[in-house]
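Worksheet: the structure to be examined is printed underneath.
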Amino acid sequence: MIETVTRKRIEILADTALQKRVTSAIDKVGITGWTILPVSSGKGREGPWREESVVGTDKVFVLTIAAEDKAMELAEALAPMLTDFGFILSMWDVQVIRGERF
Amino acid sequence: MIETVTRKRIEILADTALQKRVTSAIDKVGITGWTILPVSSGKGREGPWREESVVGTDKVFVLTIAAEDKAMELAEALAPMLTDFGFILSMWDVQVIRGERF
Amino acid sequence: MIETVTRKRIEILADTALQKRVTSAIDKVGITGWTILPVSSGKGREGPWREESVVGTDKVFVLTIAAEDKAMELAEALAPMLTDFGFILSMWDVQVIRGERF
Amino acid sequence: MFDAAIQTFTSPVVLFFVLGLAAAFARSDLTIPEPIAKALSLYLMAAIGIKGGVAVAKSGIDATVLSALGAGIIAGFTLPFFAYAVLKSFGKLDRVNSGAVAAHYGSISVVTFVTAVEIFEGQGNAPGGYMVAVMAAMEAPAILSGLLLARGMGSKGGTQSSGEMLHEVFTNSSIVLLLGAFVIGMIGGPEGFDPVSPFFEAGFKGVLCLFLLDMGLIAARRIMDARAVTWRLTLIAIFLPIVNGAAGTALGIAIGLDTGSAAALGVLCASASYIAVPAAMRLALPEADPGIYLTMSLSITFPFNVLINIGLISALAVMLAG
Amino acid sequence: MFDAAIQTFTSPVVLFFVLGLAAAFARSDLTIPEPIAKALSLYLMAAIGIKGGVAVAKSGIDATVLSALGAGIIAGFTLPFFAYAVLKSFGKLDRVNSGAVAAHYGSISVVTFVTAVEIFEGQGNAPGGYMVAVMAAMEAPAILSGLLLARGMGSKGGTQSSGEMLHEVFTNSSIVLLLGAFVIGMIGGPEGFDPVSPFFEAGFKGVLCLFLLDMGLIAARRIMDARAVTWRLTLIAIFLPIVNGAAGTALGIAIGLDTGSAAALGVLCASASYIAVPAAMRLALPEADPGIYLTMSLSITFPFNVLINIGLISALAVMLAG
Amino acid sequence: MFDAAIQTFTSPVVLFFVLGLAAAFARSDLTIPEPIAKALSLYLMAAIGIKGGVAVAKSGIDATVLSALGAGIIAGFTLPFFAYAVLKSFGKLDRVNSGAVAAHYGSISVVTFVTAVEIFEGQGNAPGGYMVAVMAAMEAPAILSGLLLARGMGSKGGTQSSGEMLHEVFTNSSIVLLLGAFVIGMIGGPEGFDPVSPFFEAGFKGVLCLFLLDMGLIAARRIMDARAVTWRLTLIAIFLPIVNGAAGTALGIAIGLDTGSAAALGVLCASASYIAVPAAMRLALPEADPGIYLTMSLSITFPFNVLINIGLISALAVMLAG
Ligand SMILES: Nc1ncnc2c1ncn2[C@@H]1O[C@H](COP(=O)(O)O)[C@@H](O)[C@H]1O
Ligand SMILES: Nc1ncnc2c1ncn2[C@@H]1O[C@H](COP(=O)(O)O)[C@@H](O)[C@H]1O
Ligand SMILES: Nc1ncnc2c1ncn2[C@@H]1O[C@H](COP(=O)(O)O)[C@@H](O)[C@H]1O
Ligand code: NA
Ligand code: NA
Ligand code: NA
């Protein structure tokens with residue numbers, strides 16, 4: 001049977017305009033990669049928003065898979081932004097194949 | 001080290017035309033927010049579909065993070081729609097930072 | 001209270017051009033369905049990419065929910081593609097309602 | 001009649017539709033990106049609305065316009081009853097699905113209408129600009145009749161209140177844009193329209209080509225995936241547009257419309273909605289199967305109308321008017 | 001002045017904006033798909049830029065052009081100081097939010113400018129093509145003044161270095177496309193422009209209609225969700241464009257611009273940015289609340305300018321020039 | 001030749017390409033939204049196809065057309081062998097990557113062709129409409145040669161059957177739309193084309209500007225990220241278009257084509273595919289590195305052709321024809 005290993009999957013909801021800060025943090029921590037998903041609308045404590053790139057209110061999902069220690073390091077690095085910019089971060093354990101890639 | 005708390009992450013696949021019913025249910029249960037992701041196609045027991053907003057066959061992913069009790073309350077509230085409209089719901093535990101927001 | 005059952009949720013990041021190979025594999029294993037999400041950009045060991053369907057560098061997320069045994073069968077079936085094409089697969093346990101559908 | 005068929009099949013608009021059908025059947029990966037398809041449809045609504053409004057600003061509202069409006073609304077209310085009877089008896093559908101499908105056939109298809117207008121214009125029988133208003137007026141009534149039939153008279157209102165439903169129908173993006181642009185056209189009039197006409201008029205036929213290419217792809221892909229549609233329903237999806245189209249054309253001539261406008265009324269009666277009505281049915285009759293009503297209206301009736309029935313209706317109108 | 005109002009309200013461009021407002025207030029689901037809205041705005045930038053460049057290629061750069069440029073840049077630097085004072089005292093905003101909002105009112109709104117140009121052209125007072133260059137020159141200075149005000153002179157630079165900030169502003173997609181197309185227009189000149197003019201010129205007003213439809217939807221939806229904006233700020237969002245618009249127009253006349261160009265300078269001063277500046281503020285002043293500056297500039301000042309203030313400014317320019 | 005260079009660099013089409021390159025190198029965030037880029041490319045395919053079809057409907061199919069088609073197909077089959085030899089020896093690529101890259105250089109780039117046609121037309125040397133058919137015929141043959149070379153003659157077929165591969169290539173959305181529109185143009189002829197010409201003809205050059213803007217952005221961004229391309233490969237990506245372009249032009253003159261058509265054949269030979277072939281290679285030769293073939297064809301050969309080589313080929317054709 002095929003072998004799987006456990007890694008952390010981290011997803012961050014961030015403003016499109018600020019997406020680079022998140023990916024730079026990922027690069028800096030030494031995680032091998034990341035993937036960006038589009039998001040179309042949402043609602044939070046600050047009310048609803050819609051994807052409107054013309055006025056710059058659009059957001060993205062940044063997803064990255066990493067070993068636990070790097071994941072925690074990343075969470076640590078991103079924590080200030082979560083507060084400053086209202087980003088949202090959640091993470092959980094996943095099984096991956098070819099774990100040496102992550 | 002940074003502190004994380006455990007919350008439920010719930011994802012519902014719903015018709016775009018009916019998305020408001022899902023988000024109203026979320027609001028009613030008292031969860032603080034939700035985020036909508038686009039979906040482009042799929043296949044289920046009722047055959048394949050593609051995102052075709054012109055004929056109204058498009059769907060979305062509604063994602064929300066909440067404490068366990070509210071999450072179960074939401075699942076309860078959405079259960080009839082899952083049957084009526086063929087929505088799909090899955091949920092799992094995630095760790096979040098700044099858990100007071102959820 | 002509403003009843004939930006545990007299933008595996010599997011997400012595969014694949015080239016749009018090759019998405020059909022992934023969904024055929026899902027169909028062949030006998031899983032009831034799948035859902036495709038758009039992806040806009042990313043970075044891995046082979047450098048960054050952006051969604052550019054004009055030159056065919058776009059990718060998609062294929063998501064499917066299945067019982068554990070079928071999930072493992074699928075992972076097995078997809079493993080060669082992960083290596084050949086650089087696809088990424090992660091999976092984890094989720095609770096679902098109306099588990100007989102999956 | 002043979003001439004009309006030739007004219008239909010050398011029109012670029014129809015040829016692009018055929019190309020869409022062919023590409024999908026050949027399993028090509030050709031697709032119009034989703035936001036583009038949506039934008040093309042918004043453009044068409046705005047352009048149709050504004051042209052119709054300008055036409056009415058020029059011609060004014062007279063007895064002909066009012067009787068065409070009246071005829072359209074009455075047809076919208078009554079056609080579903082006939083469709084319901086056929087669907088339930090010959091089609092062997094249950095009450096809910098019969099009602100849902102009937103609502104589609106009572107309502108109208110904007111793209112079928114527009115394609116017909118293009119073809120009629122090419123034949124020198126341009127319908128009156130007020131037919132756009134007739135079209136808009138025919139969107140909603142059939143929904144009410146269909147719901148009445150599906151739920152039985154006086155039954156409880158399903159999962160959604162009627163108020164919500166009506167709000168949904170009248171604020172539907174297509175209707176809002178069509179009517180809004182119509183009003184803009186009426187306010188602005190020919191002079192107001194002038195500066196935007198290169199955009200809304202000159203581009204119109206080309207956009208319609210691309211939109212029909214997309215509709216061809218969608219219609220053919222749906223039929224290849226279809227499971228829910230029996231041969232009985234397939235027959236009905238061809239029978240209803242023939243009968244409704246003939247009836248509508250005759251009605252148009254009877255109330256004194258010119259040839260083109262009578263034919264346009266026939267096309268409106270013959271066509272089945274696949275935009276506003278499916279959305280309304282999904283909300284109001286979730287028990288009904290979209291696989292049935294979308295496949296019938298979009299994959300059978302729509303191509304039949306575009307490729308054959310528009311030609312038949314045009315020939316009939318010329319005959320009756322002559 | 002009454003005539004000007006009538007002309008404003010029968011222009012299809014303005015009517016589509018009103019349709020957008022109305023549709024959103026009626027809670028219609030009408031939306032322009034996101035990539036289309038973005039594409040419309042890119043198209044407008046390219047078309048404005050190229051037209052401006054061709055105009056300057058024809059007319060050349062003379063003393064009038066240079067003094068208009070100078071006036072614009074000086075206005076961009078100084079207007080935020082006035083706005084800041086009003087926002088802090090009467091508006092009761094804190095320093096950071098006052099600075100952020102002030103930057104918006106010192107900068108400009110491309111769509112307001114374009115709509116005004118359409119209307120002025122309809123009145124026979126087309127502004128000079130060089131006003132596009134003035135507009136581009138006014139995007140950035142206000143950002144610097146606003147930051148200076150928000151952070152206090154000489155304070156530390158927030159989370160982002162000034163170099164990064166300036167790079168961000170000058171490589172902003174709108175500015176790059178506007179200026180790039182301007183240069184292309186200048187290089188190509190009238191002959192180079194000829195082959196692409198059906199695309200960039202003939203389609204322009206129609207695209208502007210659809211874009212304003214979208215802006216109407218966005219502005220109205222934002223105001224319905226708004227929480228952060230008090231009646232004091234609402235008043236300021238109407239007061240500032242009136243005062244700045246009058247001042248800008250007077251300045252334009254004073255430095256010898258023709259009626260249309262002076263009015264255009266007035267509109268630039270009156271308008272508030274909702275594209276480049278919000279993006280810059282989000283990066284440079286994350287502590288400021290986007291709910292305040294976007295709602296003020298987009299949902300109050302923008303509609304006020306399009307529906308009323310452009311007409312006032314035009315009347316004032318005619319009066320002063322006469 | 002100097003004149004030709006000037007003409008190239010004052011063409012708005014080329015200037016927008018340069019703007020795209022410059023914006024990406026300046027790390028601007030300018031991007032054409034993905035569905036728009038796709039739609040622009042679909043539009044270009046449809047417009048090129050329909051124009052070519054109408055041209056052939058007018059001129060008919062004669063010996064010249066057939067010999068141009070034959071020359072194109074033969075070039076498509078043979079060019080990869082030359083490219084393969086160069087790539088393997090001087091370029092030091094392995095067999096699989098050499099074959100994959102060779103397929104790209106044997107095939108064609110639609111946008112390069114279209115840009116060249118614009119420029120040749122500006123010089124009074126419009127190529128024949130049938131060159132569109134030649135272009136379509138040249139898409140596929142090189143793929144077969146490339147695969148043959150990559151896999152060695154007679155080896156096993158990789159992960160995918162040839163039948164699947166061919167289906168993939170011939171139902172590729174670009175090819176389907178190009179050929180479908182070509183047939184529509186032939187059926188409809190000049191009269192059928194007339195109503196849609198404002199859309200497909202008047203808008204063409206403007207759309208091409210925006211598409212080249214996007215191609216400039218993509219090409220420059222790719223080169224900034226590139227790792228896989230050595231100086232040897234860079235040289236080859238410039239050497240091949242020069243040699244192939246000269247050979248194709250000479251061939252065109254030799255078989256009796258007019259100046260513009262011969263130059264167009266040269267451009268087809270000089271250009272390297274970055275649409276159909278990468279997709280086919282990804283399926284058929286997953287072991288080959290897209291980083292190599294995309295960067296070479298898209299980021300080096302494509303800009304070289306647009307900015308320089310089209311001018312050289314045009315000068316050569318004029319010289320040979322004179
Ligand atoms: N509980 C939640 N679950 C999912 N997404 C959320 C949640 N709360 C906030 N969000 C998302 O995060 C964005 C910003 O949240 P806030 O800062 O609370 O306004 C919202 O607009 C939503 O898209
Ligand atoms: N096992 C599954 N995994 C992921 N998505 C599914 C699954 N089953 C169904 N879906 C999605 O849910 C939609 C409706 O499913 P159904 O009602 O079974 O046709 C499908 O079209 C898919 O997009
Ligand atoms: N650790 C990671 N987390 C999330 N996505 C990844 C990760 N590594 C790679 N990817 C995605 O997979 C793609 C291919 O990866 P690679 O084959 O390593 O270049 C990348 O472009 C990313 O979109
Ligand atoms: Na009907
Ligand atoms: Na201003
Ligand atoms: Na070639």
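Owing to the predicted nature of the structure, the values given are computational and were not obtained by experimental measurement. Below, read A as the first sequence line, B as the second, and so on, with proteins coming before strands; counting in each chain starts at 1.
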Subject >> Closest-packed option against chain E by number of heavy-atom pairs under 4.5 Å, given F/Gly20, F/Pro198, F/Gly203, F/Ala22 >> reply: F/Gly203
Original post:
Which bit of F/Phe16 is near chain E, if near means a heavy-atom gap under 4.5 Å: side chain, backbone, both or neither?
Top reply: both
Original post:
For the rings on E/Phe17 and E/Phe302, is their centre-to-centre separation under 6.0 Å?
Top reply: yes
Original post:
E/Ile175 versus chain F, heavy atoms under 4.5 Å apart: side chain, backbone, both or neither?
Top reply: neither
Original post:
Considering all heavy atoms of both residues, which atom of F/Ala133 and which atom of F/Phe182 are nearest to each other, and what is their separation?
Top reply: CB-CZ, 3.8 Å
**OP:** Go through the atoms of F/Leu213 and report whether side chain, backbone, both or neither lie under 4.5 Å from a heavy atom of chain E.
**Re:** side chain
Original post:
Does NZ or CZ of E/Lys58 lie under 6.0 Å from the centre of the six-membered ring of E/Phe193, at an angle within 45° of the ring axis?
Top reply: no
**OP:** Would you check if the side chain of E/Ser145 reaches a backbone N or O of E/Ala142 as a donor-acceptor pair within less than 3.5 Å?
**Re:** no
Original post:
What orientation do F/Phe199 and F/Tyr43 show, parallel under 30°, tilted 30 to 60°, or perpendicular over 60°?
Top reply: perpendicular
**OP:** Check whether E/Ile184 gets within reach of chain F through its side chain, its backbone, both or neither, counting any heavy atom under 4.5 Å.
**Re:** both
**OP:** Measure F/Val207 against the heavy atoms of chain E and call it side chain, backbone, both or neither at under 4.5 Å.
**Re:** both
